[in-house]
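When a residue number appears, it is its place in the shown sequence, counting from 1. Remember, it's 1-based here, ligands and their atoms both numbered in the order they're listed. If you're wondering where the values come from, they're calculated on a predicted model, not measured in any experiment. The figures here come from the full heavy-atom set of this structure, side chains too, leaving out hydrogens, waters and symmetry mates.
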Amino acid sequence: MKLIDGKAIAADIRNEIKAEVAAMIDAGRDAPHLAAVIVGDNPASHTYVNSKENACREVGIVSSVYRHDKDTSEKELLEIVDFLNNDDDIDGFIVQLPLPEHIDEKMIIERIRPSKDVDGFHPVNIGRMVQGKSAFISATPLGILELVKRTGIETEGKHCVVLGRSNIVGTPVSILFSRKSNPGNCTVTVCHSRTQNIKDITLQADILIAAIGQPEFVTADMVKKDAVVIDVGIHRIPSEKTKSGFRLIGDVKFEEVSKKCSFITPVPGGVGPMTIASLLMNTLKAAKKEIYV
Ligand code: GUN
């Protein structure tokens, strides 16, 4: 078994972006500029946005954060989105989710100009992805593609089984792996909460992508020998062995599955570190106007 080292691959990507940004600046161009909007005081959202700011700083991408209190109205947020859509200094922006309950997330996402939607959540970007056109692909699916590509895993003709059908991971990943591209060209099966005999299906997987949101759902008896296993899950569980009092586990029972497969992503240190690297990649593409030409 070989570990797919997401931490190291994400660091490589950040270094490549840093070099490209430096070259842009040397050529007299502006550094890429990413903005983030955050509404309310969800601690996880603030931590996440702070990490994005730090990652931007590290690679030379300019970042601005628009922090608004939890009582911000939907109308006010739409005005902020319009402002960012029209500000030529900003190449791309994200509206951090979840939003407070009185705000319709779908309406806000649909207001973002697709050419600035570096989260890849806008239906236009999802539609373009489905049609195989250039599109912003959201952070986790793009991170998974990069992990597979940079590890040199052959996907053509393989059976890829995706556990989970969420809008953010399972559904886009299933489309991307079936697409006529590399990585891609897989035969894809999507399993979800209503799937019957799930083990019969996972045992056929050459590539198994677990994004089902259940701690250690995938056990060794569900995995074919020498399969590639990508674990998208991240769950905090209490632990007496760590200083913090908790540890992170994924959707895969790592200890037993890792003995059976050819490649596996650990948790933490697999898919997780790739998400911010993917956002930086999308921001650079937005600044270079590579997606909407
Ligand atoms: N909340 C958790 N992950 C994300 C993300 O990737 N983008 C946005 N906008 N909100 C999130």
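A salt bridge links Arg150 with Glu16; the closest basic N to acidic carboxylate O contact falls under 4.0 Å. Of the charged side-chain nitrogens involved, at least one lies within less than 4.0 Å of a carboxylate oxygen, so that Glu58 and Arg14 count as a salt-bridged pair. Using a cut-off of 4.0 Å between Lys/Arg side-chain N and Asp/Glu carboxylate O, Lys75 and Glu79 are scored as salt-bridged.
If you check which protein heavy atom lies closest to atom 3 (N) of ligand 1, you get Tyr48 CE2, 3.2 Å. Summary of contacts: the protein heavy atom closest to atom 11 (C) of ligand 1 is Gln96 NE2, 3.3 Å. Here the heavy atom of the protein found nearest to atom 1 (N) of ligand 1 is Leu97 O, 2.9 Å.
Each of the atoms 7 (N), 8 (C), 9 (N) of ligand 1 lies under 4.0 Å from some heavy atom of Phe121. Contact atoms of ligand 1 toward Val95: 8 (C), 9 (N) (distance under 4.0 Å to a heavy atom of the residue).
Geometrically, ligand 1 and Ile94 share no nitrogen or oxygen pair separated by less than 3.5 Å.
At a heavy-atom distance under 4.0 Å, only side-chain atoms of Asp119, from C-beta outward, approach ligand 1.
Both Met274 and Ile61 belong to a single network of hydrophobic side chains, linked directly or stepwise wherever heavy atoms of I, L, V, M, F, W or Y lie under 4.5 Å apart.
In terms of modelled atom types and a separation under 3.5 Å, the side chain of Arg128 and the main chain of Ser134 share a donor-acceptor contact.
Under a cutoff of 6.0 Å and an axis angle of 45°, Lys289 and Tyr292 do not form a cation-pi pair.
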